Asker: 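Before anything else, here's the structure in question.
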Amino acid sequence: MAAKKVKELPYTLPEEFHVFGFSSDLLAWYDSQKRDLPWRINRDPYRVWVSEIMLQQTRVETVKPYYANFMEKFPTLGALAEAPEDEVLKAWEGLGYYSRARNLQAAAREVQARYGGIVPDTPEEIATLKGVGPYTAGAILSIAYEKPEPAVDGNVMRVFSRLLYLTDDIAKPATRIKIEHLVRQVIPAGRAGDFNQALMELGAMVCVPRSPQCLTCPVFDYCISRQEGVQEDLPIKGKAKPPRPVHLQVAVIMREGQVLINKRPETGLLAGMWEFPMVETDVSSPSAKQDILANGLYDRFAVEIEVLEPLGEVQHTFSHLHWSMQVWSCDWIAGNDLPPNAKFVSVDELDTYTFPMAHHKIREIMQQKSDLS
DNA sequence: AATCCGTGGGG
DNA sequence: TCCCCAAGGAT
């Protein structure tokens with residue numbers, strides 16, 4: 001029987017880590033230097049959960065005000081489960097990755113229905129919740145329940161890449177698996193939550209992406225890449241593809257002081273968010289953009305409009321897309337049989353709907369125009 | 001495995 | 001200005 005060949009070295013930590021107490025040294029630093037953050041007030045699983053979802057791909061300073069507002073509006077798991085989805089999206093407006101909010105509420109409802117309102121404390125159960133992946137599962141299990149599970153995020157991958165001089169590409173999924181194996185070997189009994197947070201805190205405060213502060217690092221003595229002088233060259237990370245350009249014509253359609261908006265589909269980009277009607281145009285298309293816009297909106301919303309004048313151009317970049325939006329002021333001509341995802345609302349009422357940042361920029365264009373007139 | 005999914009800050 | 005990238009997950 002041919003045993004599967006496994007590389008021993010990369011999955012096993014140097015003996016010094018155990019002999020000299022890497023985990024103890026890191027924890028001692030964390031105990032004295034950790035930041036006071038709102039989600040560290042207690043270990044309520046719901047509070048930890050919300051913080052971990054908000055912190056996905058999002059900076060601590062950005063999260064702070066959103067977290068405070070969210071916990072005020074939805075103080076308990078039950079409150080979140082019972083809230084209208086639109087209110088949850090509104091509380092997330094501007095944070096990005098809006099599926100996080102929709103998944104979080106869906107998962108809260110799942111916990112209410114299936115687990116009696118108690119966030120599950122096993123890897124198998126918690127991993128089934130929407131929006132809870134390997135990192136978040138480990139974070140909740142360790143921080144809220146003190147389970148010895150790794151929570152490997154970008155910080156931890158950077159820290160371990162430098163500590164052990166790992167040259168694996170941290171953009172590849174396999175690298176996270178490997179580092180989870182390594183972290184698992186040094187999680188101290190009874191302090192899994194603090195240890196995982198200490199690794200992330202180190203990555204955020206000391207072992208930062210550029211110009212790491214090695215002279216103040218509590219685990220300086222363990223760091224192989226520093227001994228080799230290559231800490232600035234780690235971690236290895238493949239480059240992302242540049243955003244794909246998309247050209248859009250946006251219609252600000254007025255009718256008796258009201259403007260037409262529509263709700264985006266429940267899946268995909270900016271799912272469930274409101275927007276001003278728009279149509280994608282091919283750069284090489286010979287047709288006038290005004291005509292493409294009018295025809296496109298007639299097909300989608302059964303409205304006839306007159307395109308009046310250009311209001312300006314708005315640029316907005318996502319991770320994988322770059323929107324170039326030409327904004328047009330339009331008059332409604334005919335068509336009252338709007339599809340259910342579209343409606344005319346007064347300009348004063350717009351704040352009650354949730355718009356992505358790209359469309360907030362369009363609102364600014366509108367505002368400037370109305371200030372002139 | 002590769003792609004989709006937002007936004008803002010810092011060098 | 002441009003580019004990186006930040007307590008990732010779903011498909």
Side-chain angles (χ1 to χ4, degrees), chain A residues 34-35 37-40 47-67 89 92-104 106-107 126-140 142-143 150-159 169-177 179-180 183 193-205 207-212 232 235 237-244 246 264-273 275 315-323 354-361:
Chain A
K34 68 180 175 187
R35 290 168 290 179
L37 299 174
W39 41 90
R40 287 179 176 165
R47 290 178 57 89
V48 172
W49 185 10
V50 172
S51 74
E52 292 302 339
I53 300 297
M54 280 195 175
L55 286 162
Q56 290 170 4
Q57 299 291 288
T58 311
R59 289 182 155 72
V60 165
E61 291 309 312
T62 303
V63 165
K64 280 180 179 175
Y66 281 92
Y67 184 77
L89 263 186
W92 213 269
E93 186 176 39
L95 252 191
Y97 288 140
Y98 299 99
S99 289
R100 291 184 295 175
R102 297 155 63 88
N103 287 337
L104 175 59
I126 203 166
T128 67
L129 299 176
K130 286 186 179 177
V132 177
Y135 163 76
T136 305
I140 298 173
S142 62
I143 298 171
V152 176
D153 72 336
N155 285 311
V156 178
M157 288 198 284
R158 181 173 59 257
V159 167
D169 183 350
I170 65 168
K172 295 185 182 300
T175 303
R176 196 204 75 243
I177 306 285
I179 294 179
E180 283 174 352
V183 171
D194 282 344
F195 179 73
N196 282 335
Q197 292 187 84
L199 282 176
M200 294 187 276
E201 194 83 347
L202 186 72
M205 306 298 292
C207 197
V208 291
R210 285 172 299 252
S211 305
E232 302 264 8
K237 185 173 183 183
K239 286 176 182 166
K241 292 199 324 187
R244 174 171 61 88
V246 174
R264 294 177 61 89
E266 299 302 305
T267 58
L269 180 67
L270 305 172
M273 308 281 285
E275 67 179 3
Q315 306 287 332
H316 188 80
T317 305
F318 302 90
S319 302
H320 59 301
L321 297 175
H322 180 85
W323 279 3
T354 310
F355 292 91
M357 289 312 298
H359 287 268
H360 276 292
K361 292 179 183 176

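Note: hydrogens, waters and symmetry copies are ignored here, and every other heavy atom, side chains too, is used. For clarity, every value in this text was computed on a predicted model and none was experimentally measured. Just so it is clear: chains get the letters A, B, ... in the order the sequence lines come, proteins before strands, and each one is counted from 1.
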Asker: When the P atoms of B:dC5 and C:dC5 are compared, how many Å lie between them, rounded to an integer?
Answerer: 22 Å
Asker: Could you work out, with side-chain contact (heavy atoms from CB on, under 4.5 Å) as the rule, every residue matching A:Ala127, not counting sequence neighbours?
Answerer: none
Asker: Who are the salt bridge (charged side-chain N to carboxylate O under 4.0 Å, His left out) partners of A:Glu266, not counting sequence neighbours?
Answerer: A:Arg102, A:Lys263
Asker: Just to verify, what does A:Asp194 make a side-chain contact (heavy atoms from CB on, under 4.5 Å) with, not counting sequence neighbours?
Answerer: A:Leu27, A:Tyr30, A:Arg43, A:Arg191, A:Gln197
Asker: In terms of the nearest nucleotide of DNA chain B, which residue is placed more toward the 5' end: A:Ala174 or A:Ser99?
Answerer: A:Ala174
Asker: Tell me every residue that passes ring-ring contact (aromatic ring centres under 6.0 Å, His included) with A:Tyr67, counting only those two or more places apart in sequence or in another chain.
Answerer: A:Trp39
Asker: Answer with yes or no whether the side chains of A:Tyr98 and A:Glu93 bring together a donor and an acceptor at under 3.5 Å.
Answerer: no
Asker: Mind calculating the distance between CZ (A:Phe355) and P (B:dG6) to the nearest angstrom?
Answerer: 16 Å
Asker: Quick one: list whatever passes side-chain contact (heavy atoms from CB on, under 4.5 Å) with A:Thr317, sequence neighbours left out.
Answerer: A:Pro243, A:His322
Asker: Could you tell me how far apart A:Leu89 (CG) and B:dG6 (C1') are, to the nearest whole angstrom?
Answerer: 13 Å
Asker: Would you say A:Arg100 and A:Thr58 are linked by a side-chain donor-acceptor pair, where the criterion is simply a distance under 3.5 Å?
Answerer: yes
Asker: Mind checking what makes side-chain contact (heavy atoms from CB on, under 4.5 Å) contact with A:Ser142, not counting sequence neighbours?
Answerer: A:Ala192, A:Asn196
Asker: Where do N or O atoms of nucleotides 2-4 of chain B meet protein N or O atoms at under 3.5 Å, pair by pair?
Answerer:
none

Asker: Atom CD of A:Glu275 to atom C1' of B:dG6: distance rounded to whole Å?
Answerer: 15 Å
Asker: With a 4.0 Å cut-off on heavy atoms, is A:Ile53 in touch with a base, just the backbone sugar-phosphate, or nothing at all?
Answerer: nothing
Asker: Over how many whole Å does the gap from A:His322 atom NE2 to B:dG6 atom P extend?
Answerer: 17 Å
Asker: What's the gap between B:dT3 and C:dA7 when it is taken at their P atoms, as a whole Å value?
Answerer: 24 Å
Asker: Each nucleotide in nucleotides 4-11 of chain C should get exactly one letter: B, S or -. Can you fill that in based on protein heavy atoms under 4.0 Å?
Answerer: SBBBBSS-
Asker: List in chain and number order the residues that pass salt bridge (charged side-chain N to carboxylate O under 4.0 Å, His left out) with A:Arg35, two or more places apart in sequence or in another chain; answer none if no residue qualifies.
Answerer: A:Glu201
Asker: On a whole-Å scale, what distance lies between the P atoms belonging to C:dT11 and B:dG6?
Answerer: 14 Å
Asker: A:His316 side chain N/O closer than 4.0 Å to the phosphate oxygens (OP1, OP2) of B:dG6?
Answerer: no
